[in-house]
Protein chains: 2
Amino acid sequence: MPSLRDVAERAQVAISTVSAALNGTRPVAAGTKRRIEQAAAELGYRPNLLARGLQSKRTRILALLYPAPRSGFGLTEMQFATGAAEAARELGHHLLLSPEHADPIEELRHLTGLGLVDGVLLMEVGLDDERAAFLTAAGVPFSMIGRTRDPGSIDYADIDFAATARDAVAHVAALGHRELAFFNLSSGAYADGYGPAVRAGEEFAAAARAAGIGYVDGHRPGSAEEGREAFERLMEAHPDVTALAVMDDHAAVGVIAAVAARGWRIPDDLTLLLVLSSARVAEMFHPRLTTLEPPGTELGRLGARMLIDRLCGDGPPQQRLVPCRLVAGDSSAPPRTTGREGRRRA
Amino acid sequence: MPSLRDVAERAQVAISTVSAALNGTRPVAAGTKRRIEQAAAELGYRPNLLARGLQSKRTRILALLYPAPRSGFGLTEMQFATGAAEAARELGHHLLLSPEHADPIEELRHLTGLGLVDGVLLMEVGLDDERAAFLTAAGVPFSMIGRTRDPGSIDYADIDFAATARDAVAHVAALGHRELAFFNLSSGAYADGYGPAVRAGEEFAAAARAAGIGYVDGHRPGSAEEGREAFERLMEAHPDVTALAVMDDHAAVGVIAAVAARGWRIPDDLTLLLVLSSARVAEMFHPRLTTLEPPGTELGRLGARMLIDRLCGDGPPQQRLVPCRLVAGDSSAPPRTTGREGRRRA
DNA sequence: TAGGTTGTGCGAAACGTTTCGACTACCGTA
DNA sequence: TACGGTAGTCGAAACGTTTCGCACAACCTA
């Protein structure tokens, strides 16, 4: 691996001149510069990132922190990572994949102490995230995918739950539905502090209210079986509900089974929306579900970009909200004008 | 950030003594060692990875290379990454996420020239992978998740297609099926050089032959629509087939629709196996599909581990094959004893 | 012609490690 | 008593950069 010295030797100049020529940090005579560039090209010179980082205190490496394999990740989390890696690459940075374990804070202290990374990208941020608090206190630059309850001036990119809920409600309202129900994420899997569950719940209620349509929530099924039960209970208590938005993939499976068990059909007897799930997952269902697809790649990209911005110069905090994309499937349609009770099985 | 010098000062010894004490590379008197360790602890000293790497030529950083967002990744690819990151971490290494673009070789040359990574982990390896050839020629240590046609002495971890096919065939044979069909990956999406498609195809044929049961292949549906068509054609040409193994998730959706359109039911009229798909995906189906789940995390871990082994000392090449796990769902059952034609819709 | 300004280039220090030859006690042995 | 060996420690060089003060020439201005 040729070094700056080899290039300097070949171009017959001092090492510092080569550095200046290649980085443009100082004026170098045109002829000299050309000679240096040629020598560098001939030798196939690549600057050594370690040496550069050691000297300049900037490694151009970012770490993506995520809680280790809870129960395996979904497609959206994968998109955070690939999106962030992509954006980092485009901006001349590298992305380190850092799983967290038992003691996130201690590991964070360790990671940042190594001098290896310039900044940190936080995934799966809780409403009261101790990592964010630590990093702020430690003065380590970071940005979040998701956000804490009160982000202050921390950079973040998150889902625009308000807009997403508005879009979803507008979609069903435009079809003529007057009664919407919402199944949130299971309270078990994601403790109370999980932002998406809390925010989506609030925003769907608000959007329904604003649109003047009936709204039912309170169910939090986390599995197919719970989804079935929840749907049965829902129909018992609110038989007039004709549209349902579900956040959990597995719960949706149960809902579909329960609908079929009644002899009902989707979308004729129920309009079903899958919220915060990838369109690729929605395609697995039959009929293909209408989905509010989270902008995973986009959020990953934004998170990385704003962190890099922060590392370069410091402007005002960047806080971006991106709505989910509504992908219309075959599970939404106008409600029946005639009642559906008659179709129920014996 | 305290440096070795700060520790040396506080412990009243030379820098080199601190280094020796902390790394155990040279004998240090017990008392001195204790003093040094205490000073290091009090200062919260962390060795600077850049400086260490610059000097020792070992950064303990691995790069995971993957073709950039073809059409987005699946769960299995995510597991490769998290598994590798996990294993790297456990062995004191870091994992860099490196998306590849237009010119993988040029990017590889660049990445390895930076002196940032000790070795490379290749994902999505083709039967004739130019990256593998380049790395071998360049003398860069690497390992593969997947394998080339002729891996020679390159370390790799891949799916044991032979065992997987054997298990699948044994599963349906034990249920009493005598005619099995196999839908491979679409030839379009994965060109002819895609290992899993080629190997799975060969091994299913071999396993069926060895088990002495009828076998039909040749279909390569890559979407739901193609899955429907393929199933229709299959039934037309081979009405006696009672078990079907499908490799593509979307094709499976089409098959299920086609089965339902005939008025048939799964598993009564058809035993359906999903090959190389995660159990989480299988749960999205109704009924829940029997799956041959690829050991994504395991392969990721193995890939990282064998690369690190290679970096440390060089033993013989490690080449590991791991079979898929058969997760029995509700889509497999004994074939009907009475014909199913009668059930066909008018 | 003296003094300042600009345009180029050089050399040395510094970043935080690891490594290795050299030095000092001290001990055992001849 | 002199001599080789060893355990413990030190100092300096090296890894490949960036940065910065300084030197030298050429040119312009007064």
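We name chains A, B, ... by the order of the sequence lines, and we start the count at 1 in each one. Just the heavy atoms: all of them, side chains too, but no hydrogens, waters or symmetry mates, feed the values below.
- Distance from the side chain of B:Thr32 is smallest to D:dT9 among D:dT9, D:dT17, C:dT18.
- In this structure, CD1 of A:Ile15 is placed 9 Å from P of D:dT17, rounded to the nearest angstrom.
- In this structure, B:Arg58 atom CZ and C:dT17 atom C1' are separated by 15 Å, rounded to whole Å.
- The residue among A:Val13 and A:Lys57 whose nearest nucleotide of DNA chain C lies closer to the 5′ end is A:Val13.
- A side-chain N or O of B:Thr59 and one of B:Asp118 form a donor-acceptor pair less than 3.5 Å apart.
- B:Leu114 places its CG atom 14 Å from the P atom of D:dG16, with the value rounded to the nearest Å.
- Between A:Asp309 atom CG and A:Leu91 atom CG the span is 7.5 Å, to the nearest 0.5 Å.
- Smallest separation of non-hydrogen atoms from B:Leu307 and B:Gly119: CD2-C, 3.9 Å.
- Residue B:Ser3 is classed as a sugar-phosphate contact, given heavy-atom separations below 4.0 Å to backbone atoms only.
- Here the nucleotide nearest the side chain of B:Gln55, chosen from D:dT17, C:dT18, C:dT8, is C:dT18.
- Using a 4.0 Å cut-off between charged nitrogen and carboxylate oxygen, B:Glu90 and B:Arg301 count as a salt-bridge pair.
- Taking atom CG of A:Leu54 as the reference point, atom C1' of C:dT18 lies 13 Å away to the nearest angstrom.
- Taking atom CZ on B:Arg46 and atom C1' on C:dC15, their separation rounds to 20 Å, with Å as the unit.
- Computed from coordinates, the B:Leu50 CG to D:dA14 C1' distance equals 17 Å when rounded to whole Å.
- Applying the salt bridge (charged side-chain N to carboxylate O under 4.0 Å, His left out) test between B:Asp158 and each of B:Arg199, B:Arg149, B:Arg320 identifies B:Arg199 as the sole match.
- The nucleotide whose nearest atom lies closest to any side-chain atom of A:Ala29 is, among C:dT8, C:dT18, D:dT18, C:dT8.
- Comparing B:Arg26 and B:Asn48 along DNA chain C, the residue whose closest nucleotide (by nearest heavy atom) sits nearer the 5' end is B:Asn48.
- A:Arg5 places its CZ atom 10 Å from the C1' atom of D:dG16, with the value rounded to the nearest Å.
- Counting to the nearest Å, the P atom of D:dG8 and the CZ atom of B:Arg34 are 14 Å from each other.
- Remark on DNA chain D: of its neighbouring residues A:Leu4 and B:Ser16, the 5'-side contact belongs to B:Ser16, judged by nearest-heavy-atom nucleotide.
- Checked against D:dT18, D:dT17, C:dC10, the side chain of A:Thr17 finds its nearest nucleotide in C:dC10.
- Counting only heavy atoms from C-beta on, B:Ala14 has its side chain closest to D:dG11 among C:dG9, D:dG11, D:dG16.
- Between A:Ser19 and D:dT17, a side-chain N or O to OP1/OP2 separation shorter than 4.0 Å is absent.
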